[in-house]
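Here is the structure we will look at, set down as structure tokens.
Reminder, nothing fancy here: chain letters follow the sequence lines and each chain counts from 1. No hydrogens, no waters, no symmetry mates; every other heavy atom, side chains included, goes into these values.
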Number of protein chains: 4
Amino acid sequence: MTDRSIGHRDKRKQILDAAIRVFADHGYHRARVGDIAEDAGVAHGLLYHYFASKDDVLRTIFVENWGELIARFRAVEAADEPAQEKLVGIAKILLRTWRNNPALVTVMVREVARSQELQAQVDDVGEAFAIIQRVIEEGQATGMFRRDVDARLASWLVYGGLEEVLTGWVLGQLPDGEEDVARAESTAIEVALRGLAV
Amino acid sequence: MTDRSIGHRDKRKQILDAAIRVFADHGYHRARVGDIAEDAGVAHGLLYHYFASKDDVLRTIFVENWGELIARFRAVEAADEPAQEKLVGIAKILLRTWRNNPALVTVMVREVARSQELQAQVDDVGEAFAIIQRVIEEGQATGMFRRDVDARLASWLVYGGLEEVLTGWVLGQLPDGEEDVARAESTAIEVALRGLAV
Amino acid sequence: MTDRSIGHRDKRKQILDAAIRVFADHGYHRARVGDIAEDAGVAHGLLYHYFASKDDVLRTIFVENWGELIARFRAVEAADEPAQEKLVGIAKILLRTWRNNPALVTVMVREVARSQELQAQVDDVGEAFAIIQRVIEEGQATGMFRRDVDARLASWLVYGGLEEVLTGWVLGQLPDGEEDVARAESTAIEVALRGLAV
Amino acid sequence: MTDRSIGHRDKRKQILDAAIRVFADHGYHRARVGDIAEDAGVAHGLLYHYFASKDDVLRTIFVENWGELIARFRAVEAADEPAQEKLVGIAKILLRTWRNNPALVTVMVREVARSQELQAQVDDVGEAFAIIQRVIEEGQATGMFRRDVDARLASWLVYGGLEEVLTGWVLGQLPDGEEDVARAESTAIEVALRGLAV
DNA sequence: GATGAATGAGATTTCATTCAT
DNA sequence: AATGAATGAAATCTCATTCAT
């Protein structure tokens with residue numbers, strides 16, 4: 001029984017993981033349901049047992065993983081730290097996810113973050129920006145960040161800078177060794193903080 | 001008369017412009033060749049007179065417009081101005097393209113940035129980053145920008161911040177009125193310059 | 001029940017048989033994939049489940065049936081009979097195929113004989129001539145056939161004469177009733193044997 | 001004026017010759033009107049100035065050249081010679097045309113001789129067989145050929161043997177050097193004559 | 001749960017033919 | 001006569017989804 005119920009989860013997880021890899025490699029539209037099934041080592045019909053459609057697979061990837069990211073963002077936001085530190089924390093979360101699961105980041109960055117439909121469907125997308133924005137506003141309120149900068153816009157600038165670094169790694173255009181990632185992290189954080197600093 | 005003044009080459013241009021509109025509206029994959037032809041007011045077969053495939057249309061849009069962007073970047077780089085001013089110039093070129101041709105920016109941001117193959121095919125892509133990088137290095141050499149920042153990485157951060165603002169406009173998530181764009185411009189520039197400043 | 005007894009492999013066979021009929025009726029190029037599917041009573045997409053392309057269907061028809069023909073030729077060649085009898089056997093196999101499956105012969109004669117590529121792809125084609133050639137050489141060795149005739153060339157003459165009779169039937173230019181076929185058989189054999197006889 | 005009218009003929013001839021080459025290389029259906037025009041060095045639109053359609057080009061090739069062949073067959077038939085010699089003459093005409101224009105023979109053999117539609121359209125096709133048949137009947141009447149052979153069927157056998165040799169040359173499967181052709185000629189003739197001889 | 005044969009809407013692409021110049 | 005841009009019918013092929021087993 002337990003065996004069987006674990007089996008369920010297993011196959012579902014296998015499909016999801018395979019989808020992340022395949023979407024990352026070929027892009028959502030070029031990826032075929034058959035490719036995902038093959039990568040997962042299951043018959044393609046099984047995909048429809050766990051998911052309503054190919055689209056639903058992407059949506060699931062997004063919801064399950066973005067939700068986790070947001071949860072960690074929220075934890076940082078709620079922490080009792082100065083705004084600067086919070087921004088550092090958020091940048092670290094974003095960049096380090098890459099090391100854990102590059103394919104996942106690729107999919108999130110390439111397919112989800114730029115898709116109008118998905119963004120419209122899921123409220124969580126804007127939440128990431130909202131958290132960054134609130135942290136910046138907090139910094140402005142406590143006098144650590146300049147007030148003549150629109151916090152909303154700044155959140156997009158900051159997020160964009162970080163995402164582009166991820167993209168550079170995704171595309172293999174920026175070095176992504178252990179040290180490189182660490183250096184990128186501190187550089188990005190410093191530039192951002194100084195840019196916003198009073 | 002009108003027909004004659006339109007001339008031959010122009011059908012090609014019509015198709016390309018239509019493709020930009022249609023790709024921007026529906027996305028590359030959902031856009032049908034027939035939609036492009038209809039929007040351009042020609043038979044769909046004509047598209048294959050000028051282009052090898054639907055994919056070739058996207059590639060052409062990319063190459064021709066990115067080439068133009070790079071040319072303008074180069075002009076800024078070559079100008080006799082301090083590095084700071086050059087960075088401002090580049091940011092202005094990038095952001096103002098939105099008001100000039102939102103559909104084009106939408107396609108470039110949404111479709112092209114997503115396609116590894118496309119980027120790999122064209123050397124010009126890297127050139128944009130290279131120019132920004134050189135400008136930053138120039139600023140570091142003249143003592144205007146901090147030297148403890150990796151110029152290559154910084155170029156990605158700067159470009160990413162700017163592109164994300166464009167993305168915000170594309171997705172309708174950031175206000176893009178005349179004033180908003182002007183404000184975004186100065187905010188982005190200030191944040192970037194302060195971030196890099198000594 | 002009936003469905004079950006038909007089984008899986010049979011759809012492939014149905015498609016192949018339908019293709020033979022449709023190719024025979026309209027010719028390969030005028031035949032549409034949809035026609036084949038309709039004749040086979042399946043959706044056209046299923047054709048691509050079993051075959052890579054329309055062309056692959058023709059190739060398969062060719063390979064599978066030519067292979068069978070060759071097998072029967074080989075059996076005759078291996079038999080313990082005088083060369084004359086073997087040549088008679090081969091002629092009978094070739095000509096009687098018409099009554100067994102006129103559509104197949106039509107396709108083989110009309111489409112396959114026309115396609116250089118197809119013939120080049122399959123070694124078996126040359127094998128038919130090679131067998132006839134060996135039988136003639138055997139006859140020459142045993143003194144039954146004249147030796148001043150090039151066996152290779154003679155094999156082409158013999159095969160050509162027989163194929164042309166088939167073509168006459170295919171084109172409806174030669175009578176192909178039961179008796180006609182029998183008469184053609186003996187005439188062809190006699191002419192060929194006398195032509196080669198010492 | 002003469003220049004111009006020669007020009008007319010020239011272009012028409014160029015197109016026809018190009019068509020023969022292209023049809024021979026790729027087969028009628030795979031050959032594109034554009035290929036013919038390119039090979040002829042003219043714009044493809046011009047083809048429609050001289051011919052009603054692609055099909056008409058093939059028909060013209062057939063009519064103009066088959067007519068010539070038939071004329072020569074008739075001359076041989078009308079000559080004051082024994083039937084044997086006439087058959088020899090016909091075989092020579094058929095086989096030697098190859099040396100003069102292999103591409104033409106390829107088209108005639110591959111596209112025309114096996115096409116029901118063309119054969120139906122042009123009465124001349126059957127005429128070749130009819131002449132051979134009459135010559136054989138003549139030989140039977142004069143006692144040179146065996147009478148227990150159906151003359152009609154025999155004409156197909158003879159024609160088929162010769163055509164297959166041509167096919168062998170077309171496909172590059174039989175040697176077609178000067179000497180080879182001469183030898184093939186005598187072999188074919190001998191085999192055929194002996195086959196029919198009393 | 002699992003499989004993969006079967007479906008069929010839908011999209012791209014080809015290319016013979018037309019026709020304004 | 002000559003050109004080649006323009007047309008659009010028609011055909012192949014793809015692939016997400018269904019469903020009997």
Side-chain heavy-atom pair D/Ile36, D/Ile15 within 4.5 angstrom cut-off: yes
Integer-rounded Å distance: F/dC15 P and A/Leu47 CG: 15 Å
Where each pair must be Watson-Crick or G-U wobble with both distances under 3.5 Å, what dot-bracket representation of DNA chain F is obtained, with crossing pairs in [ ] and other-strand partners as |? .||||||||||||||||||||
Are any of B/Tyr50's side-chain N or O atoms less than 4.0 Å away from OP1 or OP2 of F/dA6? yes
B/Thr60 side chain near B/Asp56 side chain, heavy-atom distance below 4.5 Å: yes
Hey, are the side chains of C/Leu16 and C/Tyr50 touching, using non-hydrogen atoms and a 4.5 Å cut-off? no
Closest-nucleotide mapping onto DNA chain F: is B/Gly41 or D/Gly41 further toward the 5' terminus? I mean the 5' end. D/Gly41
A/Tyr28 six-ring centre to A/Lys54 NZ/CZ under 6.0 Å and within 45° of normal: yes
Nearest 0.5 Å, please: how far is CG in A/Leu171 from CZ in A/Arg110? 7.5 Å
Please state how far atom CZ in D/Arg12 lies from atom C1' in F/dA2, giving the value in whole angstrom units. 17 Å
Pick the nucleotide of DNA chain F nearest each of C/Tyr28 and A/Arg30; which residue has the one closer to the 5' end? C/Tyr28
Does C/His49 make a side-chain N or O approach to OP1 or OP2 of E/dA5 shorter than 4.0 Å? yes
On DNA chain E, nearest-nucleotide positions of A/Leu46 versus B/Leu46: which is more 5'? A/Leu46
Whole-Å distance, B/Asp55 CG to E/dA11 P, equals 17 Å
Is any side-chain heavy atom of A/Val109 closer than 4.5 Å to a side-chain heavy atom of A/Val170? no
Just compare F/dA6, E/dA16, F/dT17 and give me whichever is closest to any side-chain atom of D/His44. F/dA6
How close or far is atom C1' of E/dT14 from atom NZ of B/Lys54, stated in whole angstroms? 17 Å
Here the distance between atom C1' of F/dG8 and atom CD of B/Glu38, to the nearest Å, is 14 Å
Out of F/dA1, E/dA16, F/dA16, which has the shortest distance to the side chain of D/Val33? E/dA16
State whether D/Asp17 and D/Arg21 are salt-bridged, where the test is any N-O pair (Lys NZ or Arg NE/NH1/NH2 against Asp/Glu carboxylate O) under 4.0 Å. no
May I ask you to decide whether D/Lys13 forms a salt bridge with D/Asp10, counting only side-chain N to carboxylate O separations under 4.0 Å? no
Assign each of D/Ser53 and B/Ser53 to its nearest nucleotide of DNA chain E by heavy atoms, then name whichever residue's nucleotide is nearer the 5' end. B/Ser53
Figure out the CG/C1' separation between B/Asp56 and E/dT12, and round it to whole Å. 14 Å
Distance, rounded to the nearest Å, where B/Asp35 contributes CG and E/dG10 contributes C1': 12 Å
What does A/Ala31 touch in the nucleic acid at a heavy-atom separation under 4.0 angstrom: a base, only the sugar-phosphate, or nothing? sugar-phosphate
Could you check how far NZ of C/Lys11 sits from C1' of F/dA20, rounded to whole Å? 11 Å
Measuring from the side chain of C/Tyr48 (C-beta onward, heavy atoms only), which nucleotide among F/dA2, F/dT14, E/dT12 has the closest atom? F/dT14
